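Reading through the structure tokens given below for one structure.
For this chain, numbers begin at 1 and follow the sequence in order. Atoms considered below: every heavy atom in the structure, side chains included; atoms not considered: hydrogens, waters and symmetry mates. All figures in this text were calculated on a predicted structure; none of them were measured in a lab.
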Amino acid sequence: MTARRDTAHVEFRGVAKSYDGRTLVVEDLDLSIRTGEFVTLLGPSGSGKTTILMMLAGFQAPTAGEILLDGRPIHDLPPRKRGIGMVFQNYALFPHMTVGANLAFPLEVRGMDAAERGRRVERALRLVRLEGFADRRPGQLSGGQQQRVAIARALVFEPTLVLMDEPLGALDRSLREEMQYEIRRIHRTLGVTVVYVTHDQQEAMVMSDRIAVLRGGIVEQIAAPEGLYEEPERAFVARFIGENNQLHGRVTAMLDGDVCDVETGGEKIRALKVAPCEAGDDVTLSIRPERVAINPEPGSYRNEVSARVEDLTFLGDHLRIRLAACGRDDFIATIPNVLGHGGLLEGDDVRIGWTVSDCRALDHEHP
């Protein structure tokens, strides 16, 4: 299947949803998903991500706005006529049917003849690497194998759009990581459009072309995984995607080139201005732990402050160092676990530093 990634497959235009007529669980959603794209809806519980998926599937109706598939509104199309594959966390397999019968069921519903059903089932099992499992029942399979069958059933009728709602939530960590790469492989093999829901940011980072970060029914930011990590536009996004040091301070001066000086914890920090702000405004500074240097050569960084080592944690390939710095005792730095990492000990006084471009001045969030 050749995906035309320049065309919009799914569009949400001003979509809102309320269950009680007062509180919006999804608010003014504008989102365009290209053909063949893997887009993840990421957010904490209650952020609206599953509601968005259910509206696209046809199980919930929008309170306002419209949803389009290939440029056509679908508000009057029932779920079974939308041609969408669905994968759920609980697999939703028929326990009394064999794997082959589970996969053939959506084809029978569509009136497909037995010979074509057999070809499609065989192809779907091959895609998820379960050849030879057609005669087994779901109860004879592991959790990972059952989820592969659920994915195969969603793909067996060859939809162009597949929705996945927390499909790996019931698996243990090792199986979950294995299935992340399997789903990505299947997506790349078929070129189908995938809309995926999860609260696990690592899972979203591994699989997605783009991630929409939601909070309170609103998309805070949508971008490629690297863009979300390196260039968060909101304090919530910076906090939700990976570990982050967040310092709360006040702008003391605006400088050329979208740079500002911020007073925080008795230190003056220079940062890249991301949120609209002026002198006197409160902001949240965001610095990734791996961008913090320990005991750099003096003058190596525009931002250099004194710190004290509070705690050291060995994490295999790196060390996590908790520091007292900038008026906080939970400032984190990480350094690679290589020979000669400095022999740091708890209680050591050190200097730490980071670049202006690695320090982003975002919207103010109260600590």
Heavy-atom closest pair, residues D20 and S18: OD1-OG, 3.2 Å

More than 12 heavy atoms of other groups within 6.0 Å of F157 CZ: yes

V15 vs L31 side-chain heavy atoms within contact, under 4.5 Å: no

CE-CD distance between M207 and Q202, expressed to the nearest 0.5 angstrom: 10.5 Å

Pair E243-R288, salt bridge (charged side-chain N to carboxylate O under 4.0 Å, His left out): steps then yes or no: CA-CA 7 Å; E243 190 168 27; R288 296 286 182 192; over 6 Å; no

Qualifying residue for side-chain contact (heavy atoms from CB on, under 4.5 Å) with M205, from D200, T40, L42, I211: I211

Minimum heavy-atom distance between A154 and M86, given as atom pair plus value: CB-O, 3.5 Å

Beyond-backbone contact of R351 with S306, side-chain heavy atoms, under 4.5 angstrom: yes

Note: E220-R234 ion pair, threshold 4.0 Å (strictly below): yes

Donor + acceptor pair across side chains of N244, S286 (<3.5 Å): yes

Residues E178 and R148 bridged, charged N to O under 4.0 Å: yes

Same apolar cluster: L161 and L68, side chain cutoff 4.5 Å: no

Side chain to side chain, I67 and P62, heavy atoms closer than 4.5 Å: yes

CG on L107 to CG on D113, rounded to 0.5 Å: 10.0 Å

Within-4.5 Å side-chain heavy-atom neighbours: N303 and T355: no

For the student: nearest non-hydrogen atoms of P106 and N102, plus distance: CD-O, 3.4 Å

T63 and Y19 side chains, donor-acceptor separation under 3.5 Å: no

Minimum heavy-atom distance between R185 and V128, given as atom pair plus value: NH2-CA, 4.3 Å

E27 and K17 ion-paired at < 4.0 Å: no

Closest contact, heavy atoms only, D209 versus G36: OD2-O, 4.2 Å

Aromatic plane relationship, F38 with Y196 - under 30° parallel, 30 to 60° tilted, over 60° perpendicular: tilted

Closest non-hydrogen atom pair, G85 against P159: N-CB, 3.8 Å

Carboxylate-amine/guanidinium proximity below 4.0 Å for D349 and R308: no

E66/R13 salt bridge by N-O under 4.0 Å criterion: yes

Lys/Arg N to Asp/Glu carboxylate O, E230 vs R291, below 4.0 Å: yes

Cationic N near anionic O, under 4.0 Å, R120 to E122: no

Whether Q221 side chain and E233 backbone form a donor-acceptor pair below 3.5 Å: yes

Within 6.0 angstrom of E297 CD, more than 12 heavy atoms from elsewhere: no

